[in-house]
Participant: 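Supplied in structure tokens, the structure appears directly below.
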Amino acid sequence: FEWLTIIDDDPDCEKFEITSTLIEFDNDDFKKFIFEIFKDDLKQILIGPTGIGMPWSDFADVCQDIENFTIPPFLDTECDNKYEAAFITMMAENKIENDYTGYCEILDWNKLLELIIDVILNVGGSESMFFYNRKAQYCFYLHYSCAVGIWYKEMNDNIRKILSYASNLDYLLKYKDLRKSNA
């Protein structure tokens, strides 16, 4: 996405957030929410790093020895969080190296969302890795506040459907048009 310049002060895209009106939001609620609002696009979405050139291992505080990348046999002082260890184990099982900066097809949405949501809700990181829909030109991330941030190039049918599905679920929509706010 050449237009996705979220790190600088002048992004060439738009963003909105969908925030739950529920006070308590658990892992299952968050997954149902994702499945409902992105239901038409799940087969087209890839997962990748939160920024160009950032390795997957940046998502979880990686405790792996890069030279000897293996499934963690136990939790130790450098990796004392079972949620991060589960994410690292998934990387190792799928032969995703620590310094990998590319994209992957999602074969098991339930398992992947479980791992990612566990990390963001229980470890304290602010947001997940990014999910990319190249055809529809948008990406999204999951936030520890149980919000979903969506970056998109321009309004299109996919974005309209996402907004419609979210409004049918009675979620609070927050918009932020970054092109206008930085003018």
Side-chain angles (χ1 to χ4, degrees), residues 1 4 6 13-51 54-62 75 79-94 96 103-152 156 158-176 178:
F1 291 159
L4 185 62
I6 58 175
C13 61
E14 297 182 42
K15 177 187 178 184
F16 64 87
E17 289 184 347
I18 302 172
T19 304
S20 169
T21 55
L22 299 172
I23 294 174
E24 303 235 353
F25 209 60
D26 66 18
N27 197 313
D28 288 335
D29 291 328
F30 210 174
K31 283 195 310 188
K32 287 177 194 173
F33 175 55
I34 299 304
F35 286 136
E36 185 59 31
I37 64 174
F38 295 104
K39 62 185 171 187
D40 292 342
D41 293 349
L42 291 176
K43 292 182 180 177
Q44 299 172 7
I45 294 173
L46 302 174
I47 187 167
T50 56
M54 294 178 71
W56 276 50
S57 59
D58 280 3
F59 173 61
D61 225 359
V62 175
L75 299 178
C79 184
D80 59 358
N81 187 289
K82 67 181 181 179
Y83 305 109
E84 291 175 331
F87 184 80
I88 301 311
T89 299
M90 179 278 304
M91 286 178 58
E93 288 173 347
N94 289 283
I96 301 170
Y103 305 91
C104 287
E105 181 180 0
I106 301 167
L107 302 178
D108 187 338
W109 272 93
N110 276 312
K111 185 175 182 179
L112 181 69
L113 284 178
E114 186 85 23
L115 290 169
I116 288 176
I117 292 169
D118 274 344
V119 171
I120 62 173
L121 293 183
N122 296 299
V123 178
S126 62
E127 57 193 42
S128 71
M129 297 176 70
F130 275 34
F131 298 84
Y132 297 86
N133 184 327
R134 291 182 179 172
K135 183 177 179 185
Q137 291 291 291
Y138 73 83
C139 66
F140 68 93
Y141 62 89
L142 312 178
H143 194 266
Y144 74 91
S145 66
C146 295
V148 176
I150 302 174
W151 301 85
Y152 60 100
N156 60 47
N158 293 76
I159 299 298
R160 285 184 197 90
K161 283 183 189 177
I162 291 166
L163 292 171
S164 174
Y165 294 150
S167 65
N168 290 337
L169 291 171
D170 195 30
Y171 288 95
L172 175 65
L173 301 178
K174 291 183 179 179
Y175 296 90
K176 183 175 182 185
L178 295 175

Participant: Just how far is it from atom CD1 of Ile34 to atom CH2 of Trp109, taken to the nearest 0.5 Å?
Facilitator: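 So the gap between those two atoms works out to 8.0 Å.
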
Participant: Return the minimal non-hydrogen interatomic distance between Glu105 and Leu46, and the atom names on each side.
Facilitator: CA-CD2, 3.8 Å

Participant: Using atom types as modelled and distance alone, determine if a side-chain donor or acceptor of Asn156 lies under 3.5 Å from a backbone N or O of Asn158.
Facilitator: yes

Participant: Checking Phe140 now: which residues fulfil ring pair (Phe, Tyr, Trp, His ring centres under 6.0 Å) with it, not counting sequence neighbours?
Facilitator: Phe38, Phe131

Participant: What do the steps show when you test Tyr83 against Ile120 for side chain to side chain contact (heavy atoms under 4.5 Å, CB included), and what is the final call?
Facilitator: CA-CA 9 Å; Tyr83 305 109; Ile120 62 173; over 6 Å; no

Participant: Is a side-chain N or O of Ser164 found less than 3.5 angstrom from the main chain of Arg160, in a donor-acceptor match?
Facilitator: no

Participant: If you take all heavy atoms of Ile47 and Tyr132, which pair is closest and at what distance?
Facilitator: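 It is C-CD1, 4.5 Å.
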
Participant: Strictly below 4.0 Å, N to O, side chains only: are Lys39 and Glu36 in salt-bridge contact?
Facilitator: yes

Participant: Can you label the angle between the Phe130 ring and the Tyr141 ring as parallel, tilted or perpendicular, going by 30° and 60°?
Facilitator: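 Parallel: the ring planes of Phe130 and Tyr141 meet at under 30°.
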
Participant: What's the shortest heavy-atom distance between Ser57 and Met91, and which atoms?
Facilitator: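 Scanning both residues, the minimum pair turns out to be N-CE, 4.1 Å.
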
Participant: May I ask you to test the Asp118-Phe87 pair for a side-chain heavy-atom distance under 4.5 Å?
Facilitator: no

Participant: Could you report the tightest heavy-atom contact between Met90 and Trp56, atom names first, then the distance?
Facilitator: CE-CZ3, 4.4 Å

Participant: Supply the atom-to-atom distance Ile117 CD1 to Leu112 CG, rounded to the nearest 0.5 angstrom.
Facilitator: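 Ile117 atom CD1 to Leu112 atom CG measures 9.0 Å (nearest 0.5 Å).
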
Participant: At what distance, to the nearest 0.5 angstrom, does CG of Asn168 lie from CD1 of Ile37?
Facilitator: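 These two atoms lie 12.0 Å from each other.
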
Participant: Nearest 0.5 Å, what's the CD1-CH2 distance between Ile159 and Trp151?
Facilitator: 13.0 Å

Participant: Taking all non-hydrogen atoms of both residues, which atom of Met129 and which atom of Gly48 are closest, and how far apart?
Facilitator: CB-O, 3.3 Å

Participant: At what distance, to the nearest 0.5 angstrom, does CD1 of Ile45 lie from CZ of Arg134?
Facilitator: 12.5 Å

Participant: Can you tell me how far CG of Leu142 sits from CD1 of Ile116, rounded to the nearest 0.5 angstrom?
Facilitator: 7.0 Å

